[in-house]
Amino acid sequence: MGFTSQRTRTRMVKRLKECGIRNEQLLEVMAAVPRHLFVDEAISTRAYDDVALPIGEGQTISQPFAVARMTEILLEDGPIERVLEVGTGSGYQAAVLSQLVEAVFTVERIRTLLDRARRRFRALQYRNIHTRYSDGGWGWSGHGPYDGIMVTAAPESIPEPLLEQLAIGGRMIVPVGEQGGTQSLTIITRTHQGFSRRQEHDVNFVPFLSGKS
């Protein structure tokens with residue numbers, strides 16, 4: 001169908017370039033991953049628009065630019081091997097990451113979303129994505145430390161276990177701020193001396209919640 005065509009995906013990639021995305025390998029992956037398979041069929045005609053879309057349970061699939069920019073930041077110092085994603089959601093961000101790193105470990109607190117994402121990963125044969133049903137604030141220490149950590153919901157402050165699971169030289173990308181207030185996309189790098197951070201731009205993500213659902 002027209003909305004799933006390569007031409008439609010190419011238009012999305014062109015918009016990403018116009019918005020400043022420069023990583024060519026990432027752009028190729030964004031063109032290849034079938035975003036329309038990560039949303040409900042009823043709204044799949046909008047899959048390649050640069051908008052966030054509902055996926056149920058009060059959650060959203062992030063707009064393509066947010067996915068691309070956060071991934072680009074994670075990779076800006078070169079290739080990395082192991083990434084922890086906090087908040088599997090639809091599975092789209094993990095799918096993009098899986099084509100660019102050796103292994104993705106992703107945790108999700110909402111069982112129904114995780115089950116759907118797992119089915120998508122199996123159908124698309126993304127074999128280097130490992131999933132866990134868990135409170136994201138605890139991360140997944142058994143497979144750490146991680147070269148990169150990506151958080152796809154906004155905490156008011158960063159959970160300490162996530163900082164502890166970041167490798168020396170590793171980078172975390174996380175939107176920080178109050179729901180309904182200003183959230184800033186924050187980049188944290190772990191060094192031998194501690195943690196450095198910088199803020200890139202304001203964003204709007206769903207809140208980071210604790211517990212399992």
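Below, all heavy atoms of this structure are taken into account, side chains as well, without hydrogens, waters or symmetry copies.
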J.: Counting only N and O atoms by type, is there a donor-acceptor contact under 3.5 Å from the side chain of R111 to the main-chain atoms of Y133?
T.: no
J.: Contact between I43 and P54 at the side-chain level, heavy atoms closer than 4.5 Å - yes or no?
T.: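 The answer is yes; the side chains approach within 4.5 Å.
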J.: Working note: N128 + E102, criterion side-chain contact (heavy atoms from CB on, under 4.5 Å); need CA distance, chi angles, decisive distance, verdict.
T.: CA-CA 7 Å; N128 63 337; E102 183 177 298; 6.0 Å; no
J.: Tell me if a side-chain donor or acceptor on R82 pairs with a main-chain N or O of G144 at a distance below 3.5 Å.
T.: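 No, R82 side chain to G144 backbone: no donor-acceptor pair under 3.5 Å.
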J.: Mind listing the closest non-hydrogen atom pair of A47 and V39 along with its distance?
T.: CB-CG2, 4.3 Å
J.: Could you tell me whether R35 sits above the aromatic face of Y92, with NZ or CZ closer than 6.0 angstrom to the six-membered ring centre and within 45 degrees of the axis?
T.: yes
J.: Treating Q183 as the side-chain partner and F205 as the backbone partner, does any N or O pair qualify as donor plus acceptor under 3.5 Å?
T.: yes
J.: How close do V107 and G136 get, heavy atom to heavy atom, and via which atoms?
T.: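 So the two residues come closest at CG2-CA, 3.9 Å.
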J.: For a 4.5 angstrom cut-off between non-hydrogen side-chain atoms, does E76 reach N23?
T.: no
J.: Measuring from atom CD1 of I187 to atom CZ of R171, what distance do you get when rounded to the nearest 0.5 angstrom?
T.: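 If we round to the nearest 0.5 Å, I187:CD1 and R171:CZ are 8.0 Å apart.
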J.: In Å, rounded to the nearest 0.5 Å, how long is the span from CG of L53 to CZ of F38?
T.: 13.5 Å
J.: Start with the C-alpha distance between L75 and V101, add both sets of side-chain angles, then the distance that settles side-chain contact (heavy atoms from CB on, under 4.5 Å), and finish with yes or no.
T.: CA-CA 9 Å; L75 300 173; V101 304; 4.3 Å; yes
J.: Under the criterion side-chain hydrogen bond (donor to acceptor under 3.5 Å, both in side chains), I'd like the reasoning laid out for R197 against Q199: C-alpha separation, chi angles, the key distance, then a yes or no.
T.: CA-CA 7 Å; R197 69 173 62 197; Q199 294 180 336; over 6 Å; no
J.: Using side-chain hydrogen bond (donor to acceptor under 3.5 Å, both in side chains), reason through E57 and T112 one step at a time and then give a plain yes or no.
T.: CA-CA 8 Å; E57 309 295 340; T112 54; 3.1 Å; yes
J.: Kindly indicate whether the side chain of L74, heavy atoms from C-beta on, has any atom under 4.5 Å from the side chain of L97.
T.: yes
J.: Does S184 use its side chain to pair, donor to acceptor, with the backbone of D202 at less than 3.5 Å?
T.: no
J.: Out of curiosity, does V206 fall in the hydrophobic cluster containing I173 (side-chain heavy atoms, cut-off under 4.5 Å, transitive links)?
T.: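 No; V206 is not reachable from I173 via cluster members.
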J.: So do I61 and V67 actually touch side chain to side chain, heavy atoms under 4.5 Å?
T.: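 Sidechains of I61 and V67: no contact.
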J.: At what distance, to the nearest 0.5 angstrom, does CG of D77 lie from CG of D147?
T.: 11.5 Å
J.: What pair of heavy atoms forms the shortest contact from G89 to A117, and how long is it?
T.: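 Minimum heavy-atom contact is O-CB, 3.9 Å.
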J.: Hey, does R109 have a side-chain heavy atom less than 4.5 Å from the side chain of D135?
T.: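 Result no, sub-4.5 Å side-chain heavy-atom pair not found.
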J.: Evaluate the side-chain proximity of P159 to W138: yes if any heavy-atom separation is below 4.5 Å, no if none is.
T.: no
J.: Ignoring hydrogens, what is the shortest heavy-atom contact between V83 and I80? Give both atom names and the distance.
T.: CG2-CD1, 3.6 Å
J.: I'd like to know if the side chain of D40 reaches the main chain of A42, judged simply by a donor and an acceptor atom lying under 3.5 Å from each other, with no hydrogens or angles considered.
T.: no
J.: Given Y48, which of M12, M30, R11 fulfils the side chain to side chain contact (heavy atoms under 4.5 Å, CB included) condition?
T.: M12
J.: Check this for me, if you would: do E72 and R69 make a salt bridge, where the nitrogen-to-carboxylate-oxygen distance has to be below 4.0 angstrom?
T.: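 Yes, charged N to carboxylate O under 4.0 Å.
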J.: Do the side chains of L84 and L162 get nearer than 4.5 Å, heavy atoms only?
T.: yes
J.: Mind checking the CZ-CG spacing from R120 to D115? Nearest 0.5 Å is all I need.
T.: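 Taking CZ in R120 and CG in D115, the distance rounds to 11.0 Å.
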J.: R118 and side-chain hydrogen bond (donor to acceptor under 3.5 Å, both in side chains): which partner among T131, T106, T88?
T.: T131
J.: Could you check Q59 against S90 for side-chain hydrogen bond (donor to acceptor under 3.5 Å, both in side chains), going step by step and ending with a plain yes or no?
T.: CA-CA 9 Å; Q59 305 300 300; S90 70; over 6 Å; no
J.: Side chain of S98, backbone of I129: donor and acceptor closer than 3.5 Å?
T.: no
J.: Looking at M150, is its backbone amide N or carbonyl O close enough to the side chain of E85 to form a donor-acceptor pair, meaning the two atoms are under 3.5 Å apart?
T.: no
J.: Does any part of the side chain of M172, heavy atoms only, come nearer than 4.5 Å to the side chain of Y146, both counted from C-beta?
T.: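 No. Closest side-chain heavy atoms not under 4.5 Å.
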J.: Evaluate the ring planes of H130 and H143, with Trp represented by its six-membered ring, and classify them as parallel (under 30°), tilted (30 to 60°) or perpendicular (over 60°).
T.: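 H130 vs H143 ring planes: parallel.
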J.: Let me confirm one number: the CZ-CG distance from R119 to L114, rounded to the nearest 0.5 Å.
T.: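 Result: 10.0 Å between the selected atoms.
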J.: Atom CZ of R198 and atom CD1 of I188: how far apart are they, to the nearest 0.5 Å?
T.: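 Going from CZ on R198 over to CD1 on I188, the span is 11.5 Å.
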J.: Quick one: does any side-chain atom of Q165 pair with a main-chain N or O of W140 as donor and acceptor, under 3.5 Å?
T.: yes
J.: Which heavy atom in Y126 sits nearest to a heavy atom in A95, and how many Å separate them?
T.: CE1-CB, 3.6 Å
J.: Taking all atoms of both residues into account, what is the closest heavy-atom pair of P175 and A153, and its distance?
T.: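 P175 and A153 have their closest heavy atoms at CG-O, 3.5 Å.
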J.: Counting distance only, does the side-chain N/O of R116 pair as donor-acceptor with the main-chain N or O of I55 below 3.5 Å?
T.: yes
